[in-house]
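Read through the structure below, which is laid out as structure tokens, and then see the notes.
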Amino acid sequence: MARSSDDVTRTLPAEGDMAVPGVIFASQALLPEDPAALFAQVRNVATLPGIVEASYAMPDLHVGYGFPIGGVAATDVARGGVVSPGGVGFDISCGVRTLALPALAEEVDGRALAALMDALAEAVPHGTGPGGLARPSEADLTRVLAEGAEAIVADGAGVAADLDRTEDRGRLTGADPGEVGAKARKRGKAQLGSLGGGNHFLEVQVVEEVVDAEAAEVFGLARGQLAATIHCGSRGLGHQVCTDAVGVMREAMGRYGITVPDAQLACVPVDSAQGRAYVAAMEASANYARANRQLIAEAVRDACGKAFGSREAVMVYDVNHNMAKRERHVVDGTERDLCVHRKGATLALPAGHPDLPAELAGVGQPVIVPGSMGTATWVLAGDRGRAFASTCHGAGRLRSRKQARKRIAPDVLARGLAEQGVEVRAKSASGLAEEAPEAYKDVDEVVAVCEAAGLSRRVARLRPLGVVKG
DNA sequence: ATGTCC
């Protein structure tokens with residue numbers, strides 16, 4: 001029987017220092033046996049200065065640095081609302097980009113797939129540490145920080161249509177490269193155009209199921225078609241920007257009279273010197289992340305050219321899931337200027353929203369939700385605009401990296417994936433075990449809960465055929 | 001997530 005919104009919504013009433021309630025969208029199956037630490041994080045966020053409506057958590061929620069991953073929190077800028085790096089995450093503007101490939105799965109046999117995966121593994125730098133597709137000068141890096149994916153397309157890597165299908169058209173206009181520290185620049189300079197490690201990956205997939213035919217057609221996806229999905233972020237640059245900002249805010253917070261229940265929730269008013277500096281550096285990091293995905297998408301096109309004889313790969317969408325954005329939303333009957341933190345959560349604009357490009361206005365914003373390695377990726381569309389128009393970002397981790405390493409043997413895992421017909425090109429065996437499906441929640445249940453809650457609608461399910469991992 | 005501890 002179909003579940004109602006109430007069936008998947010849990011409220012933690014405002015008590016103690018909480019300014020608003022906690023609202024968690026999840027079924028029992030998506031919560032850990034002992035959710036105490038997770039609920040404590042949702043409650044802690046509800047105490048932040050200026051928070052409005054609720055401390056929300058999406059169905060893929062799990063414990064993170066200060067804020068839960070899967071958390072959505074909006075603060076009222078005019079009423080002392082804060083910005084917190086812990087509410088954005090270390091991998092600033094980490095996100096997912098899917099391209100529709102010019103081939104049907106039935107046209108690609110095992111040998112052709114293996115050739116494509118070899119070409120992709122060769123073309124796209126993956127794994128931790130330095131080494132990227134681009135070799136930017138200091139001036140190039142500054143331009144990427146200021147202009148994002150737009151700078152990459154302007155230099156000839158990609159087409160204008162790529163930007164039409166990239167969140168914010170690939171460029172955050174509040175970015176100030178001058179607010180990105182020297183150490184962050186140094187790390188970023190050596191990594192532009194690289195996947196990284198952890199749960200970051202590049203997959204070749206087949207569209208296995210279309211749930212919403214109209215939206216799938218608008219998004220450029222058809223049953224049986226191949227797709228490529230890129231999951232990565234701002235690498236060491238964003239990580240360093242986050243680290244630097246947490247240090248500054250821990251020290252500055254007291255001067256604004258702010259106390260928080262957890263040091264990891266370090267924050268300052270959005271409208272303060274330190275708040276403005278962080279937002280400018282965060283947006284520059286977001287530009288770096290989108291430029292990174294644009295460069296990798298071009299390398300995917302090159303690999304397709306080599307393996308298929310066609311470079312034609314059409315953007316479905318590029319959505320990010322680690323950002324704080326200034327947005328206007330109606331709260332208690334009045335439209336307000338909010339700073340919306342989405343950490344392990346995405347924007348999901350409903351159909352008809354004025355910020356959507358005309359071609360997407362009829363169906364809503366695309367959202368791409370990668371499952372764990374070897375499991376499905378879902379393409380969704382914004383639905384009712386709940387929780388400041390947000391939805392989930394992935395399967396959500398169930399076991400820590402350490403637990404996963406302990407429980408899962410990499411060779412057994414690799415064999416299992418091979419038996420499923422998934423071609424794996426992995427750099428690190430222990431890294432592979434950390435990303436095993438057993439370490440994650442069931443992504444099908446995550447998106448089903450999003451749909452029941454009215455956060456987003458299911459459009460298409462993509463099954464992996466090959467994966468490149470750090 | 002991360003030059004997985006300066």
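Quick caveat, the model's predicted, so the values are computed rather than measured. Convention: sequence-line order gives letters A, B, ...; per-chain numbering from 1.
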Taking CD1 from A:Ile92 and P from B:dT2, how many angstroms apart are they, rounded to a whole number? 12 Å
From CD of A:Gln403 over to P of B:dT4, roughly how many Å is that when rounded to an integer? 22 Å
Going by atom types alone, do A:Ser234 and A:Asn292 pair a side-chain donor with an acceptor below 3.5 Å? no
In whole angstroms, the gap separating C1' of B:dT2 from NZ of A:Lys427 amounts to 16 Å
I'd like to know if A:Arg386 pairs up with A:Glu53 as an ion pair, taking the criterion as any Lys NZ or Arg NE/NH1/NH2 lying under 4.0 Å from an Asp or Glu carboxylate oxygen. no
Find the distance A:Glu434:CD to B:dT4:P and express it as a whole number of Å. 13 Å
What is the distance, to the nearest angstrom, from the NZ atom on A:Lys183 to the P atom on B:dT2? 16 Å
Students often get this wrong, so: under 4.0 angstrom with heavy atoms, is A:Gly198 touching a base, only sugar-phosphate, or nothing? sugar-phosphate
Could you tell me whether the phosphate oxygens of B:dT4, OP1 or OP2, come under 4.0 Å of any side-chain nitrogen or oxygen in A:Arg401? no
Starting at CG of A:Leu432 and ending at P of B:dT4, how long is that distance when rounded to a whole Å? 20 Å
Check every strand shown and say whether A:Gly89 touches a base, only sugar-phosphate, or nothing at a heavy-atom separation below 4.0 Å. nothing
Measure the distance from CD on A:Gln240 to P on B:dC5 and round it to the nearest whole Å. 15 Å
Take the protein atom CD of A:Gln191 and the nucleotide atom C1' of B:dT2, then report the distance between them rounded to whole Å. 9 Å
Check ion pair A:Glu150-A:Arg171 (N to O, under 4.0 angstrom): yes
Crowding at CG, A:Asp17 (>12 non-hydrogen neighbours, <6.0 Å): no
